[in-house]
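For reference, the structure discussed in these notes is given below.
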Amino acid sequence: MENANILAEGSYQELQSSGLDFTKLLKSSEGTTDDEIDTTNVINNSPEQLSNLSRQGSIKSIASSIDENKLNGTQAEPVEVAETRSSGKVSHSVYLSYISAGGNSFKISFLLFICIFTQMLSTGGDYWISYWYFDFYFIYQVNLEDNVFRNTESKSMNTNNFMTYTISDSHWVISRQCCVIVYTVINVTLIIVVFIRCASFVSVFISTSMNLHTDMFNAITRATMYFFNTNSSGRILNRFTKDIGAIDEMITVPSMDFIYNSLSLMGIIAVVGIVNVYLLIPTFFIGVLFYYTVVYYLSTSRTRSPILGYMNASLQGLSTIRAFEAEEVLSREFDNHQDLHSSAWYIFISSTEALGFALDIICLIYITILTFSFLVVENDIFGGDVGLVITQAISLTGSLQWGIRQFAQLDNQMTSVERVLEYTNVPQEAELESSQDKKPPKEWPDKGQIVFENFYLRYSLDTAHVLKNLNIQIQAMEKIGIVGRTGAGKSSLIGALFRLALNEGNITIDGIEIHELGLHDLRSKISIIPQEPILFTGSMRKNLDPLNEHPDHALWNALEEVELKTIVEDLPDGLNSKMSEGGSNFSVGQRQLVCLARAIVRSNKLLVLDEATANVDSQTDALIQNTIRNKFRSCTVLTIAHRLNTVMDSDRVLVMDAGTVVEFDHPYNLLKNKDGFFYKMVEQTGTETSELLHNIAVESFMNIAQENNELTT
Ligand SMILES: Nc1ncnc2c1ncn2[C@@H]1O[C@H](COP(=O)(O)OP(=O)(O)OP(=O)(O)O)[C@@H](O)[C@H]1O
């Protein structure tokens, strides 16, 4: 195929005789067919196995590397860490963090004050009515009964005046007009305060969500690479969508209801205590009974089944399930999850009903105790107060049930807060900016000399070192090829330069120890072309020059170097044309060329190629190799080699095995050692290819020797 057109089709012989690009390609790579074998797998495989591998394609090659990993035992890929539970008991510190995320202590105290004040006004209004009724009783009832007052010291009474009268030593009577005015003031104030309370709640809840989201976002963007290796992107997105969604929507209403109901309960207890302090004794015992009922209920309402997660995963992997004809197994597993889910849900409904019944009984007992206490205990409690206490206690029944259900929901949803808080505390990378006294000069690195000294690397504190005691000196402008079997530590060596894992020991670039620098200062000075080309959503310009530092002509020149100029010119908006997500409107090879153009634009002294040509055709490979040779002549280039021919003309080849450097010299010198790793790797590519590779090495060695001679004469 070429440019999305079928140029030719037919058998191998037919295509061979057609003289099309296909046969040219074959001819150009005739000598390197075996060479296409991944060098990372060759050391321990026989030639027969290797040729089998190359024929069997990528699936086999993946399988072989997995087998190898299994055999070695030590080279396990990072395992995804277990997901935090989505239900269960939430600690008090989570509640505290949730509350403190709502704003400063003044804001939270104000909200608390306004809630208590609202409840005081509400209970005060009820209490005022009872007081009012008391006045009415004295003025109309008692006065009608021949002005017989207890402890009578009768005074003249004028109920129409806005005045108070002392009826006894201990009680005041207030005029009706005054009662109405006070009651109106209480209610109007209550309405205003309720509005203020609503506004405060909205403000606090919005701040809570925003702060939790921002904290998590900031923490994730600065998290170590190890975190991303052990947490899938789906899981991270889940926290930003589902958990933040729960904080936005599912927690707010239950929190408010719970606070209202708790305060209302306190209001009722206060009224009971004011009317008769001895009634607090049965209230206490009922409270204890009530507490244990609620604790029992909450523990049963937390059961969950992962049915939704299972369903989601099944839908996402539907094609795989069908391809492997695993529908039966999956539907059986789904049924099990469904059974668990249904039984948990049934328990939840039953326990909620049981709780309602238990609370009704408890409230009934309480109301009975209160009511009979007024009959049994001889005292001078006024009838209005009795009515007030009983009506308040009756209102307990509904509000308590609702409050507890809301608390159960709140407690369940609080796991979302816990999960968000967990991600705000993930391990962070080093500082982005260097301290003033360690700031590197603007032109650093101007030579490109790299020195590793007693260097070790591991991916987490509880795993073994994957790079061990490296002592490497790479001279300025050297072209270094890095080879080794899979898991030897080639990518880790590159990662060490970018400080992506836990580095121990020294790495010096042009005399500056990189661990003393800020990450921005370090990483912006090393260009990398990875195996998987990374393009951003946005314009072509943004992809070539993300920080907008270079003029247009520099970008066009870079595109010309990688032979993409005409393709970009043909795009509707040239440099401003939009790239799809991940650059999917470009082929893999073209994306790789854009990455190369980006590296050319940056013109750093250090370039790293991590198997950059592994996924491209041999023509693009040749173009990339040539461009690198020409454009990065004065740079230090580290190339992790996928195909041996790409590193045979390097100044030196670094052979790695099990995290250590086993050989490091010019390929010509390495090939002299017939017991060496590199020699064996070359030999295992087949007779023809190895001969070709030997020739490239000799030619390159001669060229270098000639250049050195010219320099000395
Ligand atoms: N992100 C990671 N977290 C934990 N261990 C890792 C990680 N990446 C690599 N390793 C481990 O480090 C060791 C070296 O891996 P590395 O990727 O550097 O090898 P490599 O030579 O580049 O292999 P390949 O050619 O297959 O890419 C392996 O044992 C691997 O399991």
Side-chain angles (χ1 to χ4, degrees), residues 35-45 50 53-54 58-82 223-233 235-236 426-427 429 452 455-470 472 480-505 507 528-533 608-615 638-644 646-647 653-664 677-678 681 684-685:
D35 188 30
E36 303 285 322
I37 299 160
D38 187 345
T39 60
T40 55
N41 280 324
V42 297
I43 290 182
N44 283 352
N45 290 331
L50 289 171
L53 270 179
S54 70
S58 60
I59 295 177
K60 278 283 179 196
S61 116
I62 292 164
S64 81
S65 69
I66 292 169
D67 287 342
E68 203 165 355
N69 282 345
K70 271 193 198 155
L71 287 175
N72 289 336
T74 52
Q75 291 167 358
E77 283 300 314
V79 182
E80 203 167 30
V81 293
T224 57
M225 287 310 293
Y226 186 71
F227 169 80
F228 292 104
N229 293 334
T230 49
N231 289 277
S232 65
S233 55
R235 182 187 289 184
I236 297 170
V426 294
E429 282 197 316
F452 287 78
F455 184 77
Y456 291 80
L457 177 141
R458 57 176 145 181
Y459 282 94
S460 78
L461 287 174
D462 48 8
T463 56
H465 288 109
V466 295
L467 293 183
K468 293 156 215 155
N469 198 19
L470 299 191
I472 309 167
I480 305 289
I482 304 172
V483 297
R485 59 186 288 181
T486 188
K490 306 181 293 293
S491 304
S492 304
L493 185 77
I494 301 306
L497 285 177
F498 288 90
R499 290 171 59 191
L500 295 178
L502 298 178
N503 288 4
E504 294 164 35
I507 302 177
I528 181 163
I529 304 180
Q531 188 172 5
E532 298 285 330
V608 175
L609 306 165
D610 189 351
E611 297 181 350
T613 53
N615 296 328
L638 308 183
T639 311
I640 295 183
H642 183 73
R643 301 165 188 182
L644 279 181
T646 56
V647 291
V653 168
L654 190 143
V655 187
M656 297 197 69
D657 187 46
T660 55
V661 176
V662 284
E663 290 173 352
F664 189 27
F677 276 80
F678 192 65
M681 288 170 76
Q684 285 171 351
T685 57

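In each ligand, atom 1 is the first atom listed, and ligand 1 is the first ligand listed. Predicted model, so just to flag it, every value in this text is computed and none were measured.
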Are any of the N/O atoms on Tyr226, whether in the backbone or the side chain, positioned under 3.5 angstrom from an N/O atom of ligand 1?
no
Proximity of Thr486 to ligand 1 by residue part, where a heavy atom lies under 4.0 Å
both
Regarding ligand 1, does Val466 bring an N or O atom to under 3.5 Å of one of the ligand's N or O atoms?
no
Do any heavy atoms of Arg485 fall under 4.0 Å from ligand 1?
yes
Taking side chain as C-beta onward, heavy atoms only, is Asn231 less than 4.5 Å from Val426?
no
Quick one: list whatever passes side-chain hydrogen bond (donor to acceptor under 3.5 Å, both in side chains) with Glu504, sequence neighbours left out.
Arg458, His465
For Ser492, the ligand 1 atoms with a heavy-atom partner under 4.0 Å come out as 14 (C), 15 (O), 16 (P), 18 (O)
Check whether the side chains of Arg499 and Asn503 place a donor and an acceptor atom closer than 3.5 Å, and report yes or no.
no
Does the pair Ile482 and Ile494 meet the rule for a side-chain contact (heavy atoms from CB on, under 4.5 Å), with working shown?
CA-CA 10 Å; Ile482 304 172; Ile494 301 306; 4.1 Å; yes
Please state whether Gly484 comes within less than 4.0 angstrom of ligand 1, counting heavy atoms only.
no
Phe664: what forms a ring-ring contact (aromatic ring centres under 6.0 Å, His included) with it, not counting sequence neighbours?
none
